[in-house]
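Down below is the structure, laid out as structure tokens.
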Amino acid sequence: MSKLLEAKSAIIYGAGGGIGSGVARTFAREGARVFLAGRSRAPLEAVAAEIAAAGGDAEVSAIDALDEAAVDAHVRQVVAAAGRVDVSFNLISRGDVQGIPLVDMATDDLLRAVVNGLRSTFLTARAAGRCMAAQGSGVILHLNSASGAGAMPGMGSTGPADAATESFMRYLAAELGPAGVRVCGIWTAGVVDALSQDKLTAIGGEGTPHIDQVEAMIAGMAALRRAPRLAEVAEVAAFLASDRASAMTGGMTNASCGLVLR
């Protein structure tokens, strides 16, 4: 059986992070030539070394996904190197703030995740979408916690940021669909093996529960009574990026172990 992403080129923004690195390794294992992008070169180089050691093909670029000129230039470089862009997946951190009631939240703390998330998603998806429309195919992926589709107290800026990005991606799917380009999303939450205590504290502030407590809390609420694992989320992403999901666009795939039921 051929690999899911054989001979495809994939750009992964935030590839040095927890979920980004897992997705990059899975895409490479499934045959994709992966282009790892992020602000810091060192973690990208570490992921690229792992991929190369496993026999995969990875290239590294240190760029800021909030920089319009840098994003456009990088996509042109990928096209020059690979001939096309088949997959684009933005997984950069947005600066979410949680655990503060909305009426007590500072304006900048609310807007940071919304603006960063929507801006980086727009810039990366637009650059890829232009290339994909011209070539007649491609997949643009996105991921969020499903907070934008419901309402849970304490989620702070995460819900508005998720909702803004998800709405934009639905409109993008409608516009790019006639050109053969698919836009697919993933809902997940509490991918504990992709987190660190420092990351949790940066989002939730002082008093943030330990990772083990977070995992237990998610397991207690999820239908499957466990939290999703990084490998599971990465496998879903690889399937959505592949031709086996060729009829899927404009929607969200639920990889939350039933923490979200919709």
Hydrophobic cluster membership, [X] vs [Y], 4.5 Å side-chain cutoff:
X	Y	value
Val75	Phe122	yes
Val71	Val87	no
Ile12	Val78	no
Ile19	Val139	yes
Met132	Phe27	no

Look up atom [atom1] in [X] and atom [atom2] in [Y], then write down how far apart they are to the nearest 0.5 Å.
X	Y	atom1	atom2	result
Met169	Thr249	CE	OG1	10.0 Å
Asn116	Ser93	CG	OG	8.5 Å
Ile92	Asn90	CD1	CG	5.0 Å
Ser40	Glu45	OG	CD	11.5 Å
Leu118	Ser167	CG	OG	9.0 Å
Ile186	Asn144	CD1	CG	10.0 Å

Taking 4.0 angstrom as the limit, do [X] and [Y] come out as a salt bridge?
X	Y	result
Glu232	Arg226	yes
Glu59	Arg33	yes
Glu235	Arg29	yes

Considering only heavy atoms from C-beta outward, does the side chain of [X] approach that of [Y] to under 4.5 Å?
X	Y	value
Ile11	His74	yes
Glu30	Phe239	no
Met252	His142	yes
Leu172	Ile140	yes
Asp67	Arg119	no

Let me check something: any side-chain donor-acceptor pairs from residues 175-183 under 3.5 Å, sequence neighbours excluded? List them with distances.
{"from": "Arg182", "atom 1": "NH1", "to": "Leu240", "atom 2": "O", "distance (Å)": "3.2"}
{"from": "Arg182", "atom 1": "NH1", "to": "Ala245", "atom 2": "O", "distance (Å)": "2.9"}
{"from": "Arg182", "atom 1": "NH1", "to": "Met248", "atom 2": "O", "distance (Å)": "3.0"}
{"from": "Arg182", "atom 1": "NH2", "to": "Leu240", "atom 2": "O", "distance (Å)": "2.8"}
{"from": "Arg182", "atom 1": "NH2", "to": "Ser242", "atom 2": "O", "distance (Å)": "2.9"}

Please answer whether the main-chain N or O of [Y] pairs with a side-chain N or O of [X] as donor and acceptor at a distance below 3.5 Å.
X	Y	result
Asp193	Leu230	yes
Thr165	Asp162	no
Asn254	Val260	yes
Asp64	Arg39	no

For the student: nearest non-hydrogen atoms of [X] and [Y], plus distance:
X	Y	answer
Gln98	Met155	CG-O, 3.3 Å
Ser147	Gly159	CB-CA, 3.7 Å
Gly22	Ala234	O-CB, 3.8 Å
Phe168	Ala125	CE2-CB, 4.3 Å
Ser9	Phe35	CB-CE1, 4.0 Å
Ala127	Asp72	CB-OD1, 3.5 Å

Report task. Apply side-chain contact (heavy atoms from CB on, under 4.5 Å) to the pair Val34 and Asp57, showing each step before the final yes or no. Result -> CA-CA 6 Å; Val34 293; Asp57 188 356; over 6 Å; no

Query - Identified side-chain contact (heavy atoms from CB on, under 4.5 Å) counterpart of Ser21 within the set Leu36, Thr26, Leu91, Val47 - result: Val47

Report task. Would you mind telling me which of Asp96, Val97, Asp104 makes a side-chain contact (heavy atoms from CB on, under 4.5 Å) with Asp109? Result -> Val97

Requested in this report: Show the numbers, then the answer: is there a side-chain contact (heavy atoms from CB on, under 4.5 Å) between Arg244 and Leu4?
Outcome: CA-CA 8 Å; Arg244 297 183 196 176; Leu4 274 177; 3.4 Å; yes

**Report entry** Within 6.0 angstrom of Arg126 CZ, more than 12 heavy atoms from elsewhere
**Finding:** yes

Report task. Take Val79 and Val85 through the side-chain contact (heavy atoms from CB on, under 4.5 Å) test and state the conclusion after the steps. Result -> CA-CA 6 Å; Val79 172; Val85 177; 3.7 Å; yes

Query raised in the report: Could you go step by step and tell me if Leu143 and Phe89 meet the side-chain contact (heavy atoms from CB on, under 4.5 Å) rule?
Result: CA-CA 9 Å; Leu143 176 150; Phe89 200 175; 4.1 Å; yes

Query - Arg94 versus Ser157, side-chain donor and acceptor atoms under 3.5 Å - result: no

